[in-house]
Amino acid sequence: MSLVNLSHVCSHLQNASLARLGLTSIPYTRLHLSLCLLLQKQGFFSSVKLAGPTPPLSSFPPNAELALPQISKHRQPPIARRRTKPEDQTRETALVRMLTEGATPEALKEEGWVDEDVTWASLHAARSSHSLEEEGIPISAMGLEIPSQPLSLPPSDPSDLESTVTQSNRASRRLWLGLKYWEGLPVLRKASMMSKPTKRIWLNSREIGEVVRGRRAGEVKGMTQVGEVVAVSTDRGVMEARECAERKVGGMVLCRFKPESRSRAGESCKTVPRRLSSEQA
Amino acid sequence: MSVSPAYTCLSCRLKTLVVSAPRTSRRQLHASASYAARKPSFPNVSASKMGLLPQDTGPSINDSRIKPYSENEKALLAKKYTPDQLEAIYAGETAISDEDLRTQGRARTDPMRISYFDDFSKIRPIIDHPAEIPTGGAKEEDVGKFLKSTEPVKAPAPTREAPSRQQVAESTDPRILRLSQQTGMTPQQISKLRVKNLVNHRVVNQTRMGKIQSLYFLTIAGNEDGMLGIGEGKAAEDEDGRRQAMMNAIRNMKPVPRYEERTIYGEVEAKVGASVVQLSARAPGFGNRCQHLIYELARAAGIQDLAARTPRSRNKMNVVKAAFEALMAQRLPEDVARARGRKMVDVRKVYYGGQVY
């Protein structure tokens with residue numbers, strides 16, 4: 001678990017909201033994924049999508065014509081290699097086969113698919129095509145569930161094949177994050193590390209309780225600002241500090257996210273730094 | 001002994017040498033590429049291109065809206081206004097140049113602005129004076145009266161109330177009268193405000209005529225119930241500067257968000273110059289335990305529980321300005337919750353039957 005990469009993610013998120021980016025990406029690791037899912041649950045991100053080096057179409061609002069040419073410029077040809085080996089019997093592949101080839105659950109079970117996967121696939125295959133398109137399917141990645149991911153049907157849209165993780169494209173996967181804005185101002189303004197790569201800080205459940213109540217615990221400052229969120233890495237995954245206090249779980253405090261940074265004179269004029277205003281953050 | 005065919009001076013020879021030599025770029029002192037050469041490895045999409053930010057035309061009037069009335073619009077206007085009024089409207093609109101409208105015609109951005117568009121020509125009973133809906137055993141007449149009452153009524157023309165004799169007697173000062181017209185407060189209300197001068201010092205302007213000194217004042221004004229303003233004044237005369245500062249303070253009064261009408265929301269920080277002011281909310285009964293300048297601000301705003309730190313410069317003027325900035329920069333929990341799309345409940349209003357203060 002590299003905190004160096006997490007620090008980069010924190011500063012990148014802060015810079016991205018200063019530059020008023022709507023969609024940005026971070027490297028795909030288990031720690032980043034679980035943190036992003038936490039932040040999405042807390043309402044800091046509008047979407048978390050797993051895709052390749054170009055943003056997936058599903059992360060754009062339906063009327064974002066302005067943004068699309070920009071993407072197609074970057075879009076690379078789809079990866080030609082597909083997984084055809086028998087050991088790739090995942091539940092997503094089962095679902096795709098049910099939808100495209102009309103394979104029955106019994107036939108799949110005979111082929112040697114796991115019962116659990118087949119049941120999951122038949123559950124989602126029964127949904128309407130509209131709901132599958134709009135809401136997507138939950139996919140499991142690195143032992144975590146990512147909700148509402150685009151369902152990739154290889155023959156119809158080969159470009160969306162990117163969202164399937166294969167051995168050949170594993171290293172090029174990225175997490176695409178939709179940032180949120182409210183009344184012209186970013187929802188996430190400040191992201192800072194609490195543990196450092198060279199100095200990790202562990203707190204037990206009692207100390208986390210103190211921090212949540214706004215009091216200092218050792219060198220960790222309390223959560224005193226309105227809407228502050230602290231991410232804690234525990235043995236039950238990455239959790240919010242309030243949830244840790246509720247469940248009496250301790251862990252390593254990772255980082256702090258705030259909806260407000262220090263106000264300066266004339267802050268209200270809402271200026272964007274000129275150099276960052278392009279897509280070069 | 002041979003003679004060289006053509007003599008060229010040393011500098012000329014050097015020049016040719018320099019020109020013929022391949023151009024090499026300057027040695028890179030840093031391992032990372034220069035800013036211009038750097039490009040993001042992965043595309044980013046700006047929020048404005050995704051339509052997440054409000055359109056940047058902002059409150060200024062759009063060019064497309066400045067155009068002459070069509071015949072249809074003129075006919076509609078003629079239904080509403082008399083010919084004399086129409087003439088006045090056309091004359092008034094031609095008198096203002098398009099350029100002025102484009103650059104200066106802006107919607108209000110002050111905290112007291114109205115969040116909807118209305119010309120206030122009608123009183124709408126349901127909105128302006130909520131009428132009670134007749135229930136159960138109401139007679140037909142009542143229902144009829146109620147329905148009639150919900151129709152918009154023409155609002156009476158605004159009249160400037162002549163100040164009573166007593167008011168005139170008390171405020172012979174035309175400046176106070178003007179202030180009361182600007183703020184909408186009566187001279188009595190103005191006199192009840194808590195006004196206090198916090199900073200005064202002499203300032204000097206060096207000109208070729210010599211040093212010209214004047215006096216600077218920084219004054220705060222508040223109604224001890226959630227309104228607070230600060231004002232600056234500068235004049236050669238003591239009395240003049242004081243009055244300027246006081247009037248500016250009263251004119252600049254803005255609402256301060258207060259939690260339970262006694263403290264602030266969470267912790268806020270603001271910076272003016274080298275002064276940083278950190279304000280934090282405290283429990284009931286804590287009191288205003290802060291330095292005298294911030295104490296005066298809190299008292300004028302009607303805040304009773306407050307802690308403050310000024311970790312850096314304690315320049316009086318900047319501390320007052322930063323503390324005011326911090327009080328205004330509070331984020332309301334409702335706004336944060338709405339921005340994040342989450343539901344919020346204040347449990348202090350749930351426990352102990354809401355009897356917490």
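Residue numbering restarts at 1 for every chain, and letters A, B, ... go by the order of the sequence lines. What you see is a predicted model, and the numbers here were worked out from it, not measured in a lab.
For A/Ser46, no part sits under 4.5 Å from any heavy atom of chain B, backbone or side chain. Of the atoms belonging to B/Val268, not a single heavy atom falls under 4.5 Å from chain A.
Side chain of B/Arg340 to main chain of A/Leu188: no donor-acceptor pair is present (N/O by atom type, distance under 3.5 Å, no hydrogens or angles). Remark: side-chain polar atoms of B/Arg331 are paired, donor with acceptor, to backbone N or O of A/Pro259 under 3.5 angstrom.
Summarising the geometry of B/Leu52 relative to A/Leu179, their closest heavy-atom pair is CD1-O, 3.6 Å, with the distance given to 0.1 Å. Smallest separation of non-hydrogen atoms from A/Val226 and B/Leu332: CG1-C, 4.4 Å. For the residue pair B/Phe42 and A/Pro53, the shortest heavy atom distance occurs at CD2-O, 3.7 Å. Contact between A/Tyr181 and B/Ala47 at its shortest, heavy atoms only, is CE1-CB, 3.5 Å.
Counting heavy atoms of neighbouring residues, nucleotides and ligands inside a 6.0 Å radius, atom CZ of A/Arg213 does not exceed 12 of them.
Top candidate by heavy-atom pairs under 4.5 Å with chain A, chosen from B/Met328, B/Met344, B/Gln330, B/Arg338, is B/Arg338.
Between the CH2 atom of A/Trp176 and the CG atom of B/Asn44 there is a distance of 6.5 Å, given to the nearest 0.5 Å. We find the OG1-CD distance between A/Thr224 and B/Glu269 to be 10.0 Å, quoted to the nearest 0.5 Å. Expressed to the nearest 0.5 Å, how far CZ of B/Arg342 lies from NZ of A/Lys41 amounts to 7.5 Å.
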